[in-house]
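Throughout, protein chains are lettered first and strands after them, A, B, ... in sequence-line order, and every chain is numbered starting at 1. Below, all heavy atoms of this structure are taken into account, side chains as well, without hydrogens, waters or symmetry copies.
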Protein chains: 2
Amino acid sequence: MRRERATIHDIAKKLNITASTVSRALKNHPRISDETKKAVLKVAEKLNYQPNHIAAALRNGRSKIIGIIVPTADRSFFSSVVRGIEEIANTAQYNVMICQSYDNYEKEVATVEALLNARVDGIIASYAKGTEDFDHFLKVKNKGIPLIMFDRSSEELEVSSVIIDDYQGAYNAVKHLINQGCKRIAHFTGIKKISIYRERFRGYREALQDHGIPYDESLVIGSNMQLDDGRESMLKLLSLSAPPDAVFSASDYSAMGAMQVLKERNIRIPQDIALVGFGNEPFTWFSEPQLTTIDQRSKQMGNATAEIFLEQIGAKNKPFVPKKTVLKPELIVRKSSQRK
Amino acid sequence: MRRERATIHDIAKKLNITASTVSRALKNHPRISDETKKAVLKVAEKLNYQPNHIAAALRNGRSKIIGIIVPTADRSFFSSVVRGIEEIANTAQYNVMICQSYDNYEKEVATVEALLNARVDGIIASYAKGTEDFDHFLKVKNKGIPLIMFDRSSEELEVSSVIIDDYQGAYNAVKHLINQGCKRIAHFTGIKKISIYRERFRGYREALQDHGIPYDESLVIGSNMQLDDGRESMLKLLSLSAPPDAVFSASDYSAMGAMQVLKERNIRIPQDIALVGFGNEPFTWFSEPQLTTIDQRSKQMGNATAEIFLEQIGAKNKPFVPKKTVLKPELIVRKSSQRK
DNA sequence: TTCTAATATGCAATCGATTGCGCACAAAAT
DNA sequence: ATTTTGTGCGCAATCGATTGCATATTAGAA
């Protein structure tokens, strides 16, 4: 079955024309007669012609591929961002190449290298938790390849980014808890290095302050924010002499862990302890009670990054000015925090 | 900052040698002296040389990229398979290009086309729910490009595939329910077109038969197997004059829907109705009670597909014999079905 | 009728890396 | 002193599509 692959030269030969004409005909060039175009299309079909983007990419210096680096694709947030990117990218004839860093620095570096080798036209990324050094991303930028960060970004990179207003999201969540009558609100936070956690923490703290609730350091627990971490953190809180009456977790995963612990101990949610997560992961909707959380506008985030990419690609020679887009998060109130 | 990209020719010029030598030096060719190799590496470093895989791909006719098509990346099953593929592929210097069909036929066709244009060296796929026509996949096969299907495959394609023994998984699940004392076991099934659902149904039915339980058609409900479908199906079952005392769902998602309904109505799980899902999605572990389910060996599945790919690539000229690998699923018993 | 302007297509270089073949020189074998 | 074997590297073609710059043909203008 292995037919030799047909090229534009094969098509040209059949029609006694040159490859130039075939190339132009296939691209619907205005200076090629309709007659020739039709003939070319017909022969292309017959020969089972398959355009070779590799050859075109080499010649043009553009691969029409956008590389995407996400920590992991199996988080609905990230896959939703990817979908948002694809929506826009596809309309501009771009394809995407999704890569996972698995939140691992080395893998991230290797991935960036692979994407550069593959000569992608741009990279859209959210960096790994383990990343502290941004040289690999700087390299991308210095090669003049558009780089756009989303969700997790770093100031030192000085590239365009799309994030949500983590501060505002956290602030609203905590304000909501206060409105529900909560007075001792705990907070689960992640690695300080990642700005989203710092911002969420800031929102938490300022909301407390603005409502006259004293900040209690013992109520803030840092961890890796996975389910198990949430369990552990909750246990710590319960062992306090004065346990909290609410938990605002900077991640849905650790909020779920906390919920498990509370249910195991027959502590009522939200009456005894109210819970709010962050991320609007699908499982927050499955849980019992359903978890109040904050939606991160993943689809819009994807759209926005892709649009910035297209802008940057379009403005090749103009001086580059990093652009920071901040999306408004949305508090989604569900049973886990509704006391009234 | 936009430096011109350095090529092997630039390196060659600096050293007064030819590009051939540089190319060989970079690939550690034995016929190049260590001295030259060192010099080349040094200059490459200095010029910030970045290999151009596009050029190499064009010349070699191999892109060293494997295209992966999954319905959606945000299902832990699929992302885990991808991870399994990457593990193996990376060791053989292959990179992967993950694409999502969003369970949409048109998008799947377009994706296959894009991957062919990108000249991937092989395609690993699990087809979309909406796919009934396999011409696009046949095209891949007929072009002599290795195509391996996983999880969802089709006999008519006659390509290698890796699946789990859905029949066995279902059989074991139902047998387990029977052992727990269940007598009226319902079943949620998906589109008949997809063989995994047919097989799971067959396992269900034969397990009943082998244990002397009569098959009752009214207990089998077909749907799209999402959370909402599970809710709806459960409601239907509850409205029967003789409701079931167990549900075996061919998907974790619809099992979760059923669980929600049962909890809302204060029907005890597993005492009144026992539940078993399929897939071992992470949320089955979060649920209350935790859901008994069947693990699909996603990582191994990925490993296996990648290994088959490498085999096929290695055996370029030998006659192609499709190879079917069947993995053994594992029943994971949790609270939702443990009556004893 | 001669000249200008479209119109349709060809020529040939180019993108960057790879590789079979060949050549020169040196070391080893006869 | 030849011949053989090996080492280190250059030459030039190749992969397939693209495109600036001709060229040939025809239609319209002067």
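Side chain of B/L58, nearest nucleotide from D/dG16, C/dT9, C/dT19: D/dG16. Taking the side chain of B/R59 as heavy atoms from C-beta on, and the options D/dC9, D/dT19, C/dT19, the nearest nucleotide is C/dT19.
Taking atom CG of residue A/N52 and atom C1' of nucleotide D/dT18, one finds them 13 Å apart after rounding to whole Å. In this structure, A/R62 places its CZ atom 12 Å from C1' of D/dA17, rounding to the nearest Å. Residue A/H29 contributes atom NE2, which lies 8 Å from atom C1' of D/dT19 at whole-angstrom precision. Rounded to whole Å, atom C1' of C/dT9 lies 18 Å from atom NZ of A/K13. Taking atom CG on A/N28 and atom P on C/dT9, their separation rounds to 13 Å, with Å as the unit. Rounded to an integer number of Å, the gap from A/N117 CG to C/dA17 P is 10 Å. Atom CD1 of A/I11 is separated from atom P of D/dG16 by 12 Å (rounded to the nearest Å). Summarising the geometry, the separation between CD1 on A/I17 and P on D/dA24 is reported as 19 Å, rounded to the nearest angstrom.
Between B/N60 and C/dT19 there is a side-chain polar atom (N or O) within less than 4.0 angstrom of OP1 or OP2. Distances shown here put every side-chain N or O of A/T7 at or beyond 4.0 Å from the OP1 or OP2 atom of D/dG16. Between C/dG10 and A/T21, a contact under 4.0 Å exists linking OP1 or OP2 to a side-chain N or O.
Taking only distance into account, the side chain of B/S20 meets the base of D/dC11 through a donor-acceptor pair shorter than 3.5 Å. For A/R24 against C/dG10, a side-chain-to-base donor-acceptor contact under 3.5 Å is present.
Look at B/K129 and B/E108 and you find no salt bridge, because none of the NZ, NE, NH1 or NH2 atoms lies under 4.0 Å from a carboxylate O.
Residue-level contact check: B/H9 touches the bases, meaning some heavy atom is under 4.0 Å from a base atom. Within the 4.0 angstrom heavy-atom criterion, only backbone atoms of the sugar-phosphate kind lie near A/N16; the bases stay farther away. B/I8 comes within 4.0 angstrom of a base, heavy atoms only. A/I54 comes within 4.0 angstrom of no nucleic acid atom, judged by non-hydrogen atoms across all strands.
The distance from atom CD of B/Q300 to atom CG of B/N303, rounded to the nearest 0.5 Å, is 7.0 Å. Distance check: B/I98 CD1 to B/I69 CD1 gives 12.0 Å after rounding to the nearest 0.5 Å. A/D34 CG to A/N28 CG: the interatomic distance, rounded to the nearest 0.5 Å, is 8.0 Å.
Side-chain N or O atoms of A/T325 include none that pairs as donor or acceptor with a backbone N or O of A/V162 at under 3.5 Å.
When ring centroids are compared, B/H136 and B/Y127 stay outside the 6.0 Å threshold.
Remark on DNA chain C: of its neighbouring residues B/S23 and B/R31, the 5'-side contact belongs to B/S23, judged by nearest-heavy-atom nucleotide. Summary of the strand contacts: B/T18 and B/R119 both lie near DNA chain D, and taking for each the nucleotide with the nearest heavy atom, the more 5' one is attributed to B/T18.
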